[in-house]
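Quick notes on the structure that follows.
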Amino acid sequence: MRHFRNLRSSILPAAPPSYAKARSFSTTQHTQIATNSSPGPATRPDAIRHWDVSAANKQISRYVRAGDLDSALRLFNATPFKTTVTWNSILAYYAEKGGKLGDAQKLFDRIPEPDVVSCNTMLVCYLRDSGVEAAREFFHKMTVKDVASWNTLVTGFARSGRMREACDLFEAMPERNCVSWSAMVAGHVEAGDLGNAEKCFSAAPESVPAWTAMISGYMKFGKVDLAEKLFWDMRVKNLVTWNAMLAGYVENCEASDALKLFRVMVELGVRPNGTSFCSVLLGISNLSALSLGKQVHQLISKSPMMEDTTACTSLISMYCKCGVLDDAWRLFVEMRRKDLVTWNAMISGYAQHGAGMKALSLFDQMKEEGNKPDWITFVAVITACNHVGLVGLGVQHFESMKTDYSVEARPDHYTCMVDLFGRAGKLDKAVELIKGMPFPPHAPVFGTLLGACRVHKNVEIAEFASQNLRRVDPANAAGYVQLANAYASVNRWDQVSRVRRLMKESAVVKQPGCSWTEVGKVVHEFRSCDRLHPDLPSILEKLGELGKKMKAAGYVPEFEYALHDVGDEVKEQLLLGHSEKLAIAFGLMRTVGGVAIRVFKNLRVCGDCHTATKYISAIEGREIIVRDTTRFHHFKDGKCSCGDYW
DNA sequence: ATAGGGTTAG
C-alpha cells in the first residue's frame, strides 16, 4: 500500500467545475449552499433611478476585492454622484489590506455622511494596523453602534488571545448574531481551550458559521473524526465549510483525503474558490505530487481562477516545492496582479533552490514596484545571501530590516544569520549573535550552528551547540548525531562512541528515513534498507554497478554516516541501502535519459548520499534534484547547487 | 461591514 500512492486513480474530478453555470449549484442533492447575500427585490423605483450609482458601487467593490485599488479609484473619481456606499467601498480596501492607516483616516474624514458601516470599516482598519487597544478607543468614540461594531471588537480581543475581555464584552452586548457566536467559538479554539469552544458551540443557536468554526476547531486539535462527523451531519453548508475541511485535512497530513473531498465537492457542483485551491495545492505540495499539481493547473487555467491572486500564488509555490522553478517563474511573469505573498513565494523559491542572485534581483524589483517587504521576505533574502556567500550583504539586509522597514527580527531570522556566519566559517560571530539575541534562542538556531561546526570541524563550539540543543529540544536526535559527526570529522573516535552512548541512554529515537520519487504518475516510496519494493532486485543490481563506477571515479564511502557498530563491508551495504540512493537508482532505471530526477525525503540529506549523488549525476549525465527538510539540492555534472554545505 | 476557510515562512 505504502509503495504506490496511485495518482492516476483520478483524485481530480472527471468534469471540471462549471463556472459558467454560476447559479445552478445552489440546490443540489446533498448540499445546500447557504448564501449570505440576500437577492433583494429586483426592481424598486429608486433602484432604477440610481442604477448608475449602484452599478458603479458594485464595480468598485469588485475592483477592491480583487486588490485593484487603481481601477477602483479611477471609477470612484469618474462617478459624479457618490453615495456613502461609494465611499465605504474604497475604505474597505484599507480594512482588507491594512498597512495604510493614515490613508484610511484621511479618506474617512472626507466622507460627507459617514454611517455605521463607515465607522465599522474604520474600526477594522484600527484593529488591523494598531491593535485591539486602538480599536477599543475608536469604538468608544463611535456614537452609533450596531452588532457588527461589537463583533469587531470581540473578535479583536479573541484573536489577540485576550479571551477574558472578549467574554466580558460578549456578555455585555445588547444583541448577538451568528457572527458573535462563531467568533467566540473560534476564539476559544485559538486560545487552545477546546472544552470552552465546545461549550460555547452547544450554547449557540444553529448556524453555518458556528458549525464551521467548530469543524475548524476539531481539525486544529487533530480530531479529524469529530470534524468529519460534524461536517456530514450538516444539512446546510457553504463554501467556507468545505474549505475548512480541505484545510483541516491538509493540516493533519491527510492530503489525499483533501483531494478526495475536493473531487466530491466539485462533482456536487460546489465551485471552488481561491482558498479551496490554496489548500488543495498545499496538499499536493506536501505529497510532492507534481503530476497532480499539473492537473490542477490545467483546471485553473480553464477557469476564472486564473485571475485569482491566491490561487496563482499557490500554483507558483506548488511548482517551487515540487522542484520545477521554470514553470513557477513562467506563471509569475504571466500573473497580472501580484501581492506581497506572490513576491515572497517566488523569492523564497529561488532562495531555497540556491539561486541567490536571482532571488536578490527579484527583491530589488519588488521594492521598485512599490511593495513593502515583510519578515518572510527577509527570511528569503538572507537565505539568498547565504547561497551566494555574501556575508556582508546578508548582515546589511538583517540590519536594514529593522531600521529601514521596521520589521522586528524573529527566531527564523536568527537561524538564517547563524547559517550565514556558520557557512562562511565565522563560528565565533555566530555564537556572539546567539548570545546577544533579545529572546531565548530556539532549537533550530543551535541545530544550524551545530551543522556548521561539523562542516568546519570545530568540536568546541559543537559541544556548546549540542548541549544547548539537547536542553531546548531533548527529543531532537540531531543534537547527538551531529555532535558525533563533528567528532568523527576530526577522528576523535573515543568521543564519537561517548556521544553515541549518551544518545542510547537518552532513548532518543531517530526518525526512520524515507524517500520518494514520482515515476509515471505513481509515487514510489522507499525506506532505508527497504525490503518491500517489488523492484528491489534490479534496484540493488543497478546500485551495485553504480557503486563500482563511483569508486573508479574516486568515491570513498563515508562510514561515519553508517551509524551502526559493524564491519566496513556491512557498513558499505548499509550506506548503499539508504532510501535516497534506492529512490535515485529507481528513478534512473525507470525514466528516459535527459529527464531530471526529483527525489524527496523526510530527513536532511546524509553526507554520504550527498557525495554519492554528485558522482552519480556525472556518471549518468543526469540532473538530480533532491529536496530534503530544509532545501533543494540540484546535482549536475558532479556538483551540487548547495556548494556542499547544508 | 462584523464571522467561519487561506497562500509565503516554519
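Letters A, B, ... are given to chains in the order of the sequence lines, protein chains preceding strands, and every chain is numbered from 1.
One can place NZ of A/Lys237 at 15 Å from C1' of B/dG4, the figure rounded to the nearest angstrom. In this structure, A/Trp343 places its CH2 atom 21 Å from P of B/dT7, rounding to the nearest Å. In this structure, A/Phe201 atom CZ and B/dA3 atom P are separated by 19 Å, rounded to whole Å. Rounded to an integer number of Å, the gap from A/Lys338 NZ to B/dT7 P is 21 Å. When the P atom of B/dT7 is taken as reference, atom CG of A/Asp308 falls 13 Å away, rounded to whole Å. A/Asn286 places its CG atom 11 Å from the P atom of B/dA9, with the value rounded to the nearest Å. Whole-Å rounding puts the A/Met173 CE to B/dT2 P distance at 14 Å. When rounded to the nearest whole Å, the span between CE of A/Met417 and C1' of B/dG10 equals 18 Å.
The aromatic ring centres of A/Tyr63 and A/Tyr93 sit 6.0 Å or more apart. In this structure, A/Phe262 has its ring center no closer than 6.0 Å to that of A/Trp242.
Residue-level contact check: A/Arg159 touches the backbone only, with heavy atoms under 4.0 Å from sugar-phosphate atoms and none from bases. Across all strands, A/Val124 comes closer than 4.0 Å only to sugar-phosphate atoms, never to a base (heavy-atom distances). At a threshold of 4.0 angstrom between heavy atoms, the contacts of A/Lys321 are confined to the sugar-phosphate backbone, with no base atom among them. Residue contacts for A/Asn88: at a heavy-atom cut-off of 4.0 Å it reaches no nucleic acid atom on any strand shown.
Candidate nucleotides B/dA3, B/dG5, B/dA1 were compared by shortest atom distance to the side chain of A/Ala247, and B/dG5 ranks first. Closest to the side chain of A/Asp146, out of B/dG4, B/dT2, B/dA1, is B/dA1. Closest to the A/Trp375 side chain, of the nucleotides B/dA9, B/dT2, B/dG6, is B/dA9. Checked against B/dG10, B/dT8, B/dG6, the side chain of A/Glu251 finds its nearest nucleotide in B/dG6. Side chain of A/Thr310, nearest nucleotide from B/dT8, B/dG6, B/dA1: B/dG6. Nearest nucleotide to the A/Lys220 side chain, out of B/dG5, B/dT8, B/dG4: B/dG5. Here the nucleotide nearest the side chain of A/Asp412, chosen from B/dA3, B/dG10, B/dT2, is B/dG10. Candidate nucleotides B/dT7, B/dG5, B/dT2 were compared by shortest atom distance to the side chain of A/Ala244, and B/dG5 ranks first. If you check B/dG4, B/dT8, B/dA1 against the side chain of A/Thr121, the one that comes closest is B/dA1.
By the 4.5 Å heavy-atom criterion applied to side chains, A/Phe363 and A/Pro373 are counted as neighbours.
Nearest heavy-atom pair, A/Lys321 versus A/Leu282, reported as atom, atom and distance to 0.1 Å: NZ-CD1, 3.5 Å.
Between B/dT8 and A/Ser317, a contact under 4.0 Å exists linking OP1 or OP2 to a side-chain N or O. Note on A/Ser348: a side-chain N or O is less than 4.0 Å away from OP1 or OP2 of B/dA9. Residue A/Ser216 places at least one side-chain N or O closer than 4.0 Å to OP1 or OP2 of B/dG5. Listed pair A/Gln352 / B/dT8 fails the phosphate criterion, with no side-chain N or O lying under 4.0 Å from OP1 or OP2.
Remark: the A/Asp412 side chain and the A/Thr415 side chain contain no N/O donor-acceptor pair separated by less than 3.5 Å. Between the side chains of A/Asp364 and A/Ser361, not a single donor N or O lies within less than 3.5 Å of an accepting N or O.
The base of B/dG5 lies close enough to the side chain of A/Asn273 for a donor and an acceptor atom to sit less than 3.5 Å apart.
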